[in-house]
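Note on naming: letters A, B, ... go to the chains in the order of the sequence lines (proteins, then strands), and numbering restarts at 1 for each one. These numbers come from the heavy atoms of this one structure, side chains and all, not from hydrogens, waters or symmetry mates. Treat the numbers as computed from the prediction; the structure is a model and nothing was measured.
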Amino acid sequence: MIPVLIIEGPTASGKSALAMAMAESLGSHIISADSRQVYKYLDIGTAKPDQTDRERVKHHFVDFLEPNQAYNAGAFVQAAGEIISGLHYQGLVPVICGGTGLYIRSLLEGLCKLPPIPAVVREELIGELGSRSLAELHEELNQVDPVSAGKISSNDKQRIVRALEVYRYTAKPLSQHWQEQNPPQSYRAFRILIAPPRELLYSRIDSRLDQMLSQGLIEEIKAVLQMGYSAHDPGLNSVGYKEFIPFLQGEQSLGEALLLAKQHSRNYAKRQMTWYRKQTFDLTILSSDFNLSDINRLLSDKLNPSEGL
RNA sequence: GGCGAGAUAGCUCAGCCGGUAGAGCAGAGGCCUGAAAAGCCUUGUGUCCCCAGUUCGAUUCUGGGUCUUGCCA
């Protein structure tokens, strides 16, 4: 089993600082499990590691897609698996760090084997919604894949469309694909969660947004829009970006946009915390005020079990 | 000062031709199998601005206040 260090936590909890410290002390690389830092040009609002950090520690999966390119858990699992094996071959313990819980869970628990589904299939489904109701689509899913239909809310357009596109393209229900899931690559993971008390986290989120603004977030968004990317592209459809579009179009004040961006970041952090409650961690720390040597000791206990056992 | 408009949940507002009220957002809790910074679910007792009148009954009608707001001066 390949040993890995995983650092998770809600937005603004201080994951990156811990990851940097650990990667340096292990002499290893950081694998970013973050669905937004993958995009070029979106630096300030995604709190990407800066140049200095990236010179000190090699970061993977940061800054390599255009803002209109799709990315997903499957792509992450595939690519991350390769990097992890490569590092392991060099005798390094990778530091996986990020707030996209689904990516990390998928990496650890595996995904079902599915071919990439062409975007047209989804576009067609969405087009059908012009003349058919969501309820009808849900019913169609119920006919071909009752197991999935039973688990998906009849209001959950995103998941109904997903289950249907899988069925239409592969002619096999999504639920069946899951039954035939391959055993996941297994890692010996040391999982750390940084979970600051809510009040503290919320105030850190608020001040981080203020900081981003003074670092030039607005200019960054303007520049990306000028390159021709749209607010609907996956990159800009992110908390801390989408809220400022109405302001840039003169429909809202900066103050209102800022308030919304903060609010949505807090909502996001809350959802992350709910997700983490279902995950198990080897170590949960309450603040970014961590003790490196304690962590290193626990880490080596877990990753290098003593021969005495 | 004149003529209007408004005052209802933390916020923005809907509603009641008279029978004590409801959405969105926020907040709280939860879900989550290739869009996950996404998507979805659950959760709403508040002097319906104040006073008086009409009425079996007023948040709803009438009168008078108070405050806010628009236009004109």
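Residues passing the side-chain hydrogen bond (donor to acceptor under 3.5 Å, both in side chains) test with A/D63 are A/K48, A/R54, sequence neighbours excluded. Partners of A/Q272 under the side-chain contact (heavy atoms from CB on, under 4.5 Å) rule, at least two apart in sequence or in another chain, are A/P10, A/T11, A/Y268, A/A269, A/Y276. Partners of A/D50 according to the side-chain hydrogen bond (donor to acceptor under 3.5 Å, both in side chains) rule, which considers only residues two or more places apart in sequence or in another chain, do not exist here. Scanning for side-chain contact (heavy atoms from CB on, under 4.5 Å) contacts around A/K172 gives A/T170, A/Q176, A/H177, A/E180, with sequence neighbours left out. Partners of A/E220 according to the salt bridge (charged side-chain N to carboxylate O under 4.0 Å, His left out) rule, which considers only residues two or more places apart in sequence or in another chain, do not exist here. The side-chain hydrogen bond (donor to acceptor under 3.5 Å, both in side chains) search around A/Q78 returns A/E82, not counting sequence neighbours.
In summary, A/E128 and A/R168 engage in a salt bridge, as defined by a charged side-chain N under 4.0 Å from a carboxylate O.
Each of B/A37, B/G39, B/A36 was ranked by its minimum atom distance to the side chain of A/Q158; first place goes to B/G39. In this structure, the nucleotide among B/A28, B/A35, B/A36 sitting nearest to the side chain of A/R122 is B/A35.
Residues A/E66 and A/Y41 have side chains that bring a donor and an acceptor to within less than 3.5 angstrom of each other.
Summarising the geometry, the separation between OH on A/Y241 and P on B/A38 is reported as 14 Å, rounded to the nearest angstrom. The CD1 atom of A/I152 sits 16 Å away from the P atom of B/G39 (whole-angstrom rounding). In this structure, CG of A/L137 is placed 18 Å from P of B/G39, rounded to the nearest angstrom. Look at CD1 on A/I44: it is 17 Å from C1' on B/A37, rounded to the nearest Å.
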Any protein N or O atoms within reach of nucleotides 22-26 of chain B? Criterion: under 3.5 Å, listing atom names and distances.
{"residue": "B/A26", "atom": "OP1", "partner": "A/N267", "partner atom": "OD1", "Å": "3.2"}

Report all interatomic pairs (protein N or O, nucleotide N or O of nucleotides 40-43 of chain B) with separations under 3.5 Å.
{"residue": "B/C41", "atom": "OP1", "partner": "A/N155", "partner atom": "ND2", "Å": "2.7"}

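Of the P atoms belonging to B/C25 and B/C41, the separation is 10 Å, rounded to the nearest Å.
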Let me have the donor-acceptor pairs involving side chains of residues 92-105 of chain A, under 3.5 Å, with sequence neighbours excluded, atom names and distances please.
{"residue": "A/T100", "atom": "OG1", "partner": "A/S35", "partner atom": "N", "Å": "2.9"}

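Annotation: salt bridge (charged side-chain N to carboxylate O under 4.0 Å, His left out) contacts involving residues 231-253 of chain A, sequence neighbours excluded, are absent. Note on residues 151-161 of chain A: pairs passing salt bridge (charged side-chain N to carboxylate O under 4.0 Å, His left out), not counting sequence neighbours, are A/D156-A/R159.
In this structure, B/G4 shows a glycosidic angle more than 90 degrees from zero, which is the anti conformation.
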Could you spell out the base pairing of RNA chain B in dot-bracket, with Watson-Crick or G-U pairs whose two distances are under 3.5 Å, [ ] crossing and | to another strand?
(((((((..((((.....[..)))).(((((.......))))).....(((((..]....)))))))))))).
